[in-house]
Structure formats: C-alpha cells, structure tokens
Novice: 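Take a look at this one; I'll ask things after.
Chain letters run A, B, ... following the sequence lines, proteins first, then strands; residues in each count from 1. All of these numbers come straight from a predicted model, not from anything done at the bench.
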Amino acid sequence: MTSAGIERIRPGDLPDEHGRFGEFGGIYAPVTLIPAIDELTVAYEQAREDPDFQIELDGLLESYVGRATPLYHAKALSEKVGGAQIYLKREDLAHTGAHKINNALAQGLLAKRMGKPRIIAETGAGQHGVAAATVCAMLGLECIVYMGEVDIARQSLNVFRMKLLGAEVRPVTSGSRTLKDAMNEAIRDWVTNVGDTYYLIGSAAGMHPYPMMVRDFQSVIGQETRQQILKAAGRLPDVVVACVGGGSNAIGMFYPFIGDESVELHGAEAAGYGIETGKHAATLSAGRIGVLHGSRSYVLQDDDGQIIEAHSISAGLDYPGVGPEHSYLKEIGRAHYHPVTDAEALEGFKMLCLTEGIIPALESAHAVYLGQQLAAGRDSNDIMVINLSGRGDKDMHTVAEALGVEL
Amino acid sequence: MTATKSESRISAAFTRLRSEGETGVIPYVTVGYPEIDTVQHVVPALVEGGATMIELGIPFSDPLADGATVQHSSFEALKNGVTVEYCLRTARELRAAGVDVPLAFMGYFNPIASYGLDRFAEQCAEAGVDGLIVPDLPVGESDELVKACRRHGRDLIFMVAPTSTDALIGAVAQQASGFIYCVSLTGTTGARSSLPSGLAAFLARVREKTDLPLAVGFGISKPEHVAEVGKYAEAVAVGSSVIDRLGRASREQQPEVMRDFVRYLRGL
C-alpha cells in the first residue's frame, strides 16, 4: 500500500510561486546559485508530473526502504500514560533507521534524472548523511557529506556507516562546528561546483524549492498514517505529534492532515537545558523571525541578528533555524509547538524502552515525551499518533553518558 | 536613472575614474578585524594608496558566500564585540577623520534585517555610508531594501555571476544603482592565482544590459589581475588578500602595508 510520495495535497496551495508560505520562505541565496535553484525547481515540477518518476520512486520506497512502515498501537504506553490511545508511526523501521531515507531516495532519483553525478549533503546526527550515502551507493553517485566536528565526535558510529557506504565525510571546523555550519559549508561547495553538483538537503529548511520538495517527499509518512489509522480505528486521529528540528519528519506527518481541522498538530522542540538557560534549540518557542540558510523563518539569534548556537542532547534537533512552513503553521495557529528539555526527552526515551520494547532516537524521544503529556487525562477513546522518526541505536553512547553509565 | 544615482558619491567616483582612464581598486576590510579599531587605523592609508572606494564588512556568524579568510575575519570581529551599531559608528569616525572616498557596507541580510531595513538605510545616510552590498539578497528578494535605500538616497549594489542568465542580469540592471558587482567565478571569496577563463565574455554580457560601471570581485590579488580586468571593467574589489595582509602585519606596520598593497595593485 505504498502511497504516492509526491502527490500534493491541495494543488495550488503553498508555497506560492515565490516559494513563500505567507511571509516565510523565499530564496535568500548568493546570486551564483540562482540558476541552479531555478533548474532544480523546474526539474522537480517535471518529475512530480511524470508517472515514470512516481512509479520508480514508489517501487523503491516499497522494495528498498520497506514502506509502508507500520502504525503500531502502543497499548502498554497508552495504559501507562492513562489517556488517549497512542499509536506510533514506525519510521524507525525504515531502511537506515529513520525517516530521512524517504527524502534522500527521492532527491537521489531526481539528481540522477537531472544528470548530476556529484551529491553533497549536510548532516547533524548523521541520519541524513547515512541516508544520502546509502542512496548514492545504490544509485552509483558520488557522495560528499559535510558534518560539524562536534557532531562527528558525538555520532562516530554514523560517520563510520557513511564511510562504509562509500561517502566522503568532510569535517566542518568553522563557527559552532554543528549542523548550521555544515549547511554553510555545503552551500559554499554548491556555489563552487554548481555545474555538476546536486545539493541534497535533508531538512525542510533552506531556500525554495527545498522546503516544498522535502515536505512533499516526506508526506508519504502522513499519507500512510492517514490510511492506516482509518483502517485500524475507522477515523482520523485527534492529535498528531512529531519532533521538530529543521522539521522534515514533522512536516511530512502534518501536511496530509492540515486540511482536517479536527486533527490537532503538535511539534516537540528541543529545549536543551531549558529555554531560560539559553542553551536550547527551541526556535519556534523562543526565536525571532529572520533569515538563515536561504529562507525567512524563525531563527535563534541575538539582539544584533547574529545566529546563536543551538543546544540539544539530540544532534538531529540541534539547529537554530526551522523550516518556513512550520513558522507559517505556528503563525496561523494551525500547529502548536512545545519545548521539551534534554531531561524530559530522556524520560520519554526510557519510558518507551520499558513499556514497549522500542528504543527511540533521542530526536523522536522528544515527541514521545510531548505525546505522553498531551495524552494524559484525555478521553481513552481519543486517538493520538506520535511519529517515531528514528531508532535509537546511534544514540547509545550519548544516552549512556547522560545516565552516567560507562560502556 | 534617478536623480539620486547621478549625484551619489559612488557615481562621482566612477565618473572621475573614467576621465582619468584608471582601473579603480576597492579594498574590503572587515570591521573589527584583527582588532576592534583596525579599520579606523588603516582606511586613511588605503585611501592614500589610491583606493577608489572602501568596502566595510559587517561581520556575520554564518558568512556562507565567503571563503576561509573572510570567514575567519568575521568570527574574530564578532569575538571583538562588533555590532551593526559599531559598524555605523566606525563609518562616522572615518568621515570625521576626513576620509572622503565612497564607503559601502558589505553585510549579510539577517543582521541588517534585524536592525531594521529602513532604519539601517537611514543610519547609513547619516553616517556617510554611500552604498550597500548584501551577498545573500538576490534581486528577487530585494524590493523592501531597494525602497529603503532609495528613500534615503543610498546605492544598493547587486551582484551578478558567470552563471547568471541574461534575464537575471537584465533584472539586476533595472534595480541597481552605483555600480554592478560582477562575481568573477563560481565559488566563494578568496585569493586565486589566476583569473577564470571566460571573464571577458561574461563582462561583455553584463555590459550589454547596463550603462552602470562594473566592478569585478572574488579571487583578485595581483596587479596582473587588475590590469587584465581593467580592459573590461571599471574597478576591482579585493578582499581576502587585504584581510590576509592585515592579519599578518603588526599594528605599526598595518597602515604602510595597506598603502603599499593598493599601490602595488595599481601597478605603481
């Protein structure tokens, strides 16, 4: 039951032709990139209309990625929490262990179609880097992954995985040496090698058309969820929850439900040590509108417009920006975003391990914690879906350290 | 062709260059690098060496169009406590010290937007800053800043690149004032040993769309580059090799090094 991964929900809706979601989005990019961005926009629009592209993508989503991923009724967790019935969308069971592969595969096919032999990508936790390296190995494309030195240190396992898959991992030593700097460096590479290079962005951030394209490619999550919950429960969920860093898994989950006003949409942002400490990555909760990496959105910045280093226990949420469509959904009140601290995420992490026998990624553990909070006290007939965006194997070292355990 | 354009200090400087048949040299310095007041210390010497105009870099935490040299200067400047307000103050101090060549800010969009576009353009006018270059603001996103700059009589200087289509160059020519900044190559800022091939053809494409003067930047570091570019454009912009020399010179040497470097680039 693989569904159409790139079918847009309501043709003609956002973004507009300037890549805007209301006042958010746009193309704030060095002039050298403008033709490449235009070329990409046209190529994507053609691919989206091409049944052959759709068939190839759907086939690989099924046979290579393992879609559809299950929707699992977490009865023990629901009982423990005491409220809504909680369902988990098991993106952790997708090939490579996270939702990132959905977008990486689709963009890899698009790059191949465009005749670009060289793929560059940025990565934070390494999940997108691994997904990009995986797809490039399978499609026979060169793959260079930019990764901050700090992230390389805390995600060494994923670095090794990328190298095994034939990718070159380039350490980024400038700025805060995390995801935002990896993205800067990838953009610099793209500017330099614009002729033969495809920039495979993994987040729903960046300049148009990336936020739209990544959303469309990740919407397979929400589309499947919709069909699965209708089959399992006979109706749409009351609440949908996902974690938000740049926002790709969340927008993929939310987008197919945007038109269903009865479905509450909630995003869990990384509040790190707590918003009041200044050491967090809760861009929508505590940021201010600005421009980072090519689009206007909420941004963590100081009074002088300098970007502030984010902090989160989970490298995948450790980003001072957020996809423009999330800013838009917040602004119009369609989705709500909540801060979840490192400590709370660890609580959610442990809870899921013990009640359901599922080790979530630390990113997803933020959503699990928020889900628990929102589910508690609700009617037991209410239905909640939490997007379990990835599995936690990559986080064993981080979790052990946080729990004071020596491995 | 607005009245503002014909009267601006930048336009006047290019008119003078044309009449003298010289290729202009536009050095770039990051405000606050390597020390908080280095720019105040060295700009008079750059002018003495014959600089046509000065680009003052507003540092940014995420300078994605810049190579390693300018990035480093930007991070150091921020560590030294440079703010947008401090950059404006620096310009005022240069004017008070008698610097009379055109001054242009080069800065990324977010700090300027955070300061407020209209307020920033107004403060530029008040501080004697004639123009503004924003490397991550393509013409398609520039309406608001164009309006603010026109309102306060500032030149908004746009970039074009070898990858730019004729249509995009045409759109830039419609909005631009002062001069057009032609990025010599596909890449980030930084000194290169030679000029890219195809530069002449690219500049000819730009020339077809505009009467504005052209300045060529990115990768320029030698008098041979200046002489070659001078055949097709009015000026060169030189950043990384200026920053590199500033970073290596002692404070006492800096003015002399700067003056000599501009003279060297001019073939003197």
Novice: Counting heavy-atom pairs under 4.5 Å with chain B, which one of A/Val291, A/Val31, A/Asn184, A/Asp304 comes out on top?
Specialist: A/Asp304
Novice: Give a yes or no on whether a salt bridge exists between B/Asp166 and B/Arg205, defined as a side-chain N under 4.0 angstrom from a carboxylate O.
Specialist: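 Yes, charged N to carboxylate O under 4.0 Å.
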Novice: Go through the atoms of B/Pro138 and report whether side chain, backbone, both or neither lie under 4.5 Å from a heavy atom of chain A.
Specialist: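 Both backbone and side chain of B/Pro138 come within 4.5 Å of chain A.
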Novice: Examine whether an atom of B/Phe109 lies under 4.5 Å from a heavy atom of chain A, and if so say whether it belongs to the side chain, the backbone or both; otherwise answer neither.
Specialist: side chain
Novice: Heavy-atom distances under 4.5 Å only: say whether B/Leu78 touches chain A with side chain, backbone, both or neither.
Specialist: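 Only the side chain of B/Leu78 comes within 4.5 Å of chain A.
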Novice: Can you say whether A/Glu309 sits under 4.5 Å from chain B via the side chain, the backbone, both, or neither, judging by heavy atoms?
Specialist: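 When you check distances to chain B, no heavy atom of A/Glu309 falls under 4.5 Å.
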Novice: Checking B/Val84 against chain A: side chain, backbone, both or neither under 4.5 Å from a heavy atom?
Specialist: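 Both backbone and side chain.
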Novice: For A/Asn193, which atoms come within 4.5 Å of any heavy atom of chain B: side chain, backbone, both, or neither?
Specialist: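 When you check distances to chain B, no heavy atom of A/Asn193 falls under 4.5 Å.
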Novice: Please classify the contact between B/Pro162 and chain A as side chain, backbone, both or neither, with a heavy-atom cut-off of under 4.5 Å.
Specialist: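 B/Pro162 has no heavy atom closer than 4.5 Å to chain A.
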Novice: Less than 4.0 angstrom from a charged side-chain N to a carboxylate O is my criterion; do B/Lys79 and B/Glu76 meet it?
Specialist: yes
Novice: Does the ring of A/Phe24 carry A/Arg20 above it, NZ/CZ under 6.0 angstrom from centre and within 45° of its axis?
Specialist: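 No.
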Novice: When you check the gap from the basic side-chain N to the acidic O, do A/Arg188 and A/Glu185 get nearer than 4.0 Å?
Specialist: yes
Novice: Tell me whether A/Glu39 is salt-bridged to A/Lys116, with the criterion being a basic N under 4.0 Å from an acidic carboxylate O.
Specialist: yes
Novice: Tell me, for A/Pro30 versus chain B, whether the close heavy atoms (under 4.5 Å) come from the side chain, the backbone, both or neither.
Specialist: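 Both the backbone and the side chain of A/Pro30 come within 4.5 Å of chain B.
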Novice: Are A/Asp151 and A/Arg177 close enough for a salt bridge, meaning some N to O gap below 4.0 Å?
Specialist: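 Judged by the 4.0 Å cut-off on N to carboxylate O distance, A/Asp151 and A/Arg177 do not form a salt bridge.
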Novice: Out of A/Ile27, A/Ile34, A/Ile187, which one racks up the most heavy-atom pairs below 4.5 Å with chain B?
Specialist: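 Going by pairs under 4.5 Å, I would pick A/Ile27.
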Novice: Counting neighbours of CD on B/Glu208 that are heavy atoms of other residues, nucleotides or ligands and sit closer than 6.0 Å, is the number greater than 12?
Specialist: no
